[in-house]
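This report refers to the structure that appears directly beneath it.
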2 protein chains.
Amino acid sequence: MTEPTLSRPGRPRDPERMRRVIDAASRQFLEQGFERTSMDAVARESGVSKMTIYSYFPTKAALFEAVIGQRTDTVFDLDAGETLEPRAPAATLSVIGRRFLALMRADEVMGRHRVLFAAAGIQHEACAAFFRQGPEKLIGGVRDYLDQAVAAGALRPHDTRVAADQFLSLFLGGAHIRAMLGLGKPSPEEDARLVQANVELFMRAYGAT
Amino acid sequence: MTEPTLSRPGRPRDPERMRRVIDAASRQFLEQGFERTSMDAVARESGVSKMTIYSYFPTKAALFEAVIGQRTDTVFDLDAGETLEPRAPAATLSVIGRRFLALMRADEVMGRHRVLFAAAGIQHEACAAFFRQGPEKLIGGVRDYLDQAVAAGALRPHDTRVAADQFLSLFLGGAHIRAMLGLGKPSPEEDARLVQANVELFMRAYGAT
DNA sequence: CCGTCACGATACTTGACCGTATAGTAAAGT
DNA sequence: ACTTTACTATACGGTCAAGTATCGTGACGG
């Protein structure tokens with residue numbers, strides 16, 4: 001908690017500029033990847049001088065890490081909107097599935113996955129941060145819900161951690177790979193059927209009825 | 001079926017060279033990605049002059065496509081080794097799961113996925129070819145087996161095509177993402193448990209007993 | 001109003017890398 | 001022998017991009 005205004009001599013920094021840089025860099029990194037994005041292009045799109053960017057971030061990799069750390073926390077809040085009803089797991093899992101699928105179909109999210117997979121050996125810290133704040137947190141959230149449903153007697157999985165992973169992974173099959181390869185996304189109807197099929201599989205296996 | 005030896009004048013091509021080039025390019029592309037691989041490095045590693053490479057492939061992208069087309073067909077033959085017994089789906093799916101998991105854990109395969117995801121918007125043809133010969137063919141193979149099992153009365157899925165996709169996607173959860181991000185592979189014991197859990201989920205939902 | 005810092009504009013340095021050009025050598029046919 | 005083709009070695013051209021250097025301007029505090 002340092003002073004918000006340190007009141008140093010000279011002109012203060014403009015936080016708006018920083019935001020514009022991150023926004024432009026985010027768009028370009030996630031759309032074109034790390035190597036194909038140039039600092040000049042980021043400067044041009046953000047309307048900020050390249051020198052200013054380098055005054056914030058010492059190197060291109062640093063800007064990249066800032067982009068990855070950005071917004072990863074706001075990705076997904078399971079409890080947003082509808083409340084998760086422990087006694088109606090089929091309906092609740094449908095909601096979770098629909099929202100997870102909408103998330104995974106977003107261009108920004110697919111871009112993030114692509115660029116981080118490509119950076120696997122090189123940007124270890126960014127990959128680790130993403131995994132913690134993304135997939136791991138999501139699985140944990142679903143697991144928490146499953147625990148409630150088990151406590152309510154509505155589900156009987158062997159292991160809620162494993163079951164949460166299984167449920168979410170069901171949405172990462174052929175259609176997702178196809179989309180990740182840039183070969184087109186499924187229609188909303190196909191996605192709706194996917195949600196239904198996956199919830200049904202899950203409930204058949206782990207339902208208490 | 002053209003003549004194997006066309007007997008043209010001049011020195012014949014050395015097929016061994018071509019193979020060495022593809023091998024070196026494959027290793028580097030799948031390990032470091034398209035952009036970070038240089039033609040000079042491929043020439044150095046393969047022990048072949050750069051000019052010779054360009055006499056085979058007009059451009060770097062062409063060499064890349066050749067690498068992708070390569071070996072994609074030999075990836076996975078479902079019927080290799082054990083025969084698939086339609087009356088014992090639990091055991092058979094365990095075998096399929098184990099082998100699919102071994103495939104997905106291979107560095108070469110993960111590299112292929114990484115590099116093709118990264119090439120999503122750029123190398124459309126390579127991505128399409130990979131999807132057809134990889135995931136699509138695999139799902140089709142599992143689906144064929146499920147059809148046999150249904151005919152034998154051992155399984156009752158709603159839709160074998162959907163069920164095959166579901167079964168395979170179960171192996172693409174957190175552990176797979178973690179590995180794809182370069183954060184380490186699970187132990188053989190963890191993978192064995194994963195196979196067991198997934199087969200159990202699948203059999204509970206779709207088993208005929 | 002003056003020092004200090006933020007920022008823009010732009011040119012520059014440096015290096016990597018794709019693809020080509022050139023000159024010479026090796027291996028096959030006729 | 002002579003031609004034709006495959007191949008090596010090496011150097012080169014051209015482009016692009018990361019990061020820097022310089023000069024100028026504008027904003028803020030004391």
Side-chain angles (χ1 to χ4, degrees), chain A residues 2-25 27-29 31-67 115 118-119 122-123 126, chain B residues 2-25 27-29 31-67 115 118-119 122-123 126:
Chain A
T2 57
E3 292 279 306
T5 348
L6 197 53
S7 191
R8 291 185 308 169
R11 177 178 178 177
R13 285 193 160 178
D14 184 358
E16 168 69 10
R17 245 168 261 274
M18 173 89 157
R19 203 186 54 74
R20 289 218 308 268
V21 170
I22 296 265
D23 280 1
R27 221 187 52 75
Q28 298 202 23
F29 275 139
E31 191 167 298
Q32 314 182 15
F34 181 80
E35 339 273 346
R36 306 174 68 86
T37 296
S38 82
M39 297 297 267
D40 292 88
V42 172
R44 211 179 314 124
E45 180 177 328
S46 61
V48 165
S49 169
K50 191 163 68 155
M51 282 308 295
T52 304
I53 298 181
Y54 275 103
S55 83
Y56 282 99
F57 308 99
T59 181
K60 187 181 175 183
L63 175 58
F64 178 76
E65 293 207 25
V67 165
V115 79
I122 298 100
Q123 303 269 3
Chain B
T2 56
E3 291 278 307
T5 349
L6 197 54
S7 190
R8 291 185 309 170
R11 178 179 176 175
R13 285 195 161 179
D14 183 0
E16 168 69 11
R17 245 168 261 274
M18 174 88 156
R19 202 185 55 75
R20 288 219 309 269
V21 170
I22 295 266
D23 280 0
R27 221 188 53 75
Q28 299 202 23
F29 276 139
E31 191 167 299
Q32 315 184 12
F34 181 80
E35 340 272 347
R36 305 174 69 88
T37 296
S38 82
M39 296 297 268
D40 292 87
V42 172
R44 210 178 315 124
E45 181 178 328
S46 61
V48 165
S49 169
K50 192 162 69 154
M51 284 306 296
T52 303
I53 299 181
Y54 276 103
S55 84
Y56 282 99
F57 308 100
T59 180
K60 186 181 176 183
L63 175 58
F64 178 76
E65 294 207 24
V67 166
V115 79
I122 298 100
Q123 303 269 5

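Reckoned from all heavy atoms, side chains included, excluding hydrogens, waters and symmetry mates. Letters go in sequence order (proteins before strands), and every chain restarts at 1.
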Nearest-nucleotide pick for A/D14, side chain only, options being D/dT22, C/dC7, C/dC18: C/dC7
Per A/K60 side chain, nearest of listed nucleotides D/dC7, D/dG19, C/dC18: D/dG19
Most 5' of A/P58 and B/R17 on DNA chain D, judged by nearest nucleotide: B/R17
Which residue lies more 5' along DNA chain D, comparing A/A61 with B/P12 via nearest heavy atoms: B/P12
Rounded to whole angstroms, how far apart are [atom1] on [X] and [atom2] on [N]?
X: B/M51; N: C/dA21; atom1: CE; atom2: C1'; answer: 7 Å
X: B/I53; N: C/dA21; atom1: CD1; atom2: P; answer: 18 Å
X: A/K50; N: D/dA17; atom1: NZ; atom2: C1'; answer: 7 Å
X: B/R44; N: C/dA16; atom1: CZ; atom2: C1'; answer: 12 Å
X: B/E35; N: D/dT15; atom1: CD; atom2: P; answer: 20 Å
X: B/L63; N: C/dG19; atom1: CG; atom2: C1'; answer: 14 Å
X: A/D40; N: D/dT15; atom1: CG; atom2: P; answer: 17 Å
X: A/F64; N: D/dG19; atom1: CZ; atom2: C1'; answer: 19 Å

Are any side-chain N or O atoms of [X] and backbone N or O atoms of [Y], one a donor and one an acceptor, separated by less than 3.5 Å?
X: B/S38; Y: B/A41; result: yes
X: B/S46; Y: B/V42; result: yes
X: A/T52; Y: A/V48; result: no

Electrostatic pair B/R19-B/D23, nearest N-O below 4.0 angstrom: yes
[N] phosphate, OP1 or OP2, under 4.0 Å from [X] side-chain N/O:
X: A/Y54; N: D/dA21; answer: no
X: A/S49; N: C/dT10; answer: no
X: A/R11; N: C/dG3; answer: no
X: B/T52; N: D/dT8; answer: yes
X: B/T59; N: C/dG19; answer: yes
X: B/R13; N: C/dA27; answer: no
X: A/Y56; N: C/dC7; answer: yes

Test side chain to side chain contact (heavy atoms under 4.5 Å, CB included) applied to A/M39 and A/R44, A/Q28, A/K60, the passing residue: A/K60
Toward the 5' end of DNA chain C, by each residue's nearest nucleotide, B/T37 or A/R20: A/R20
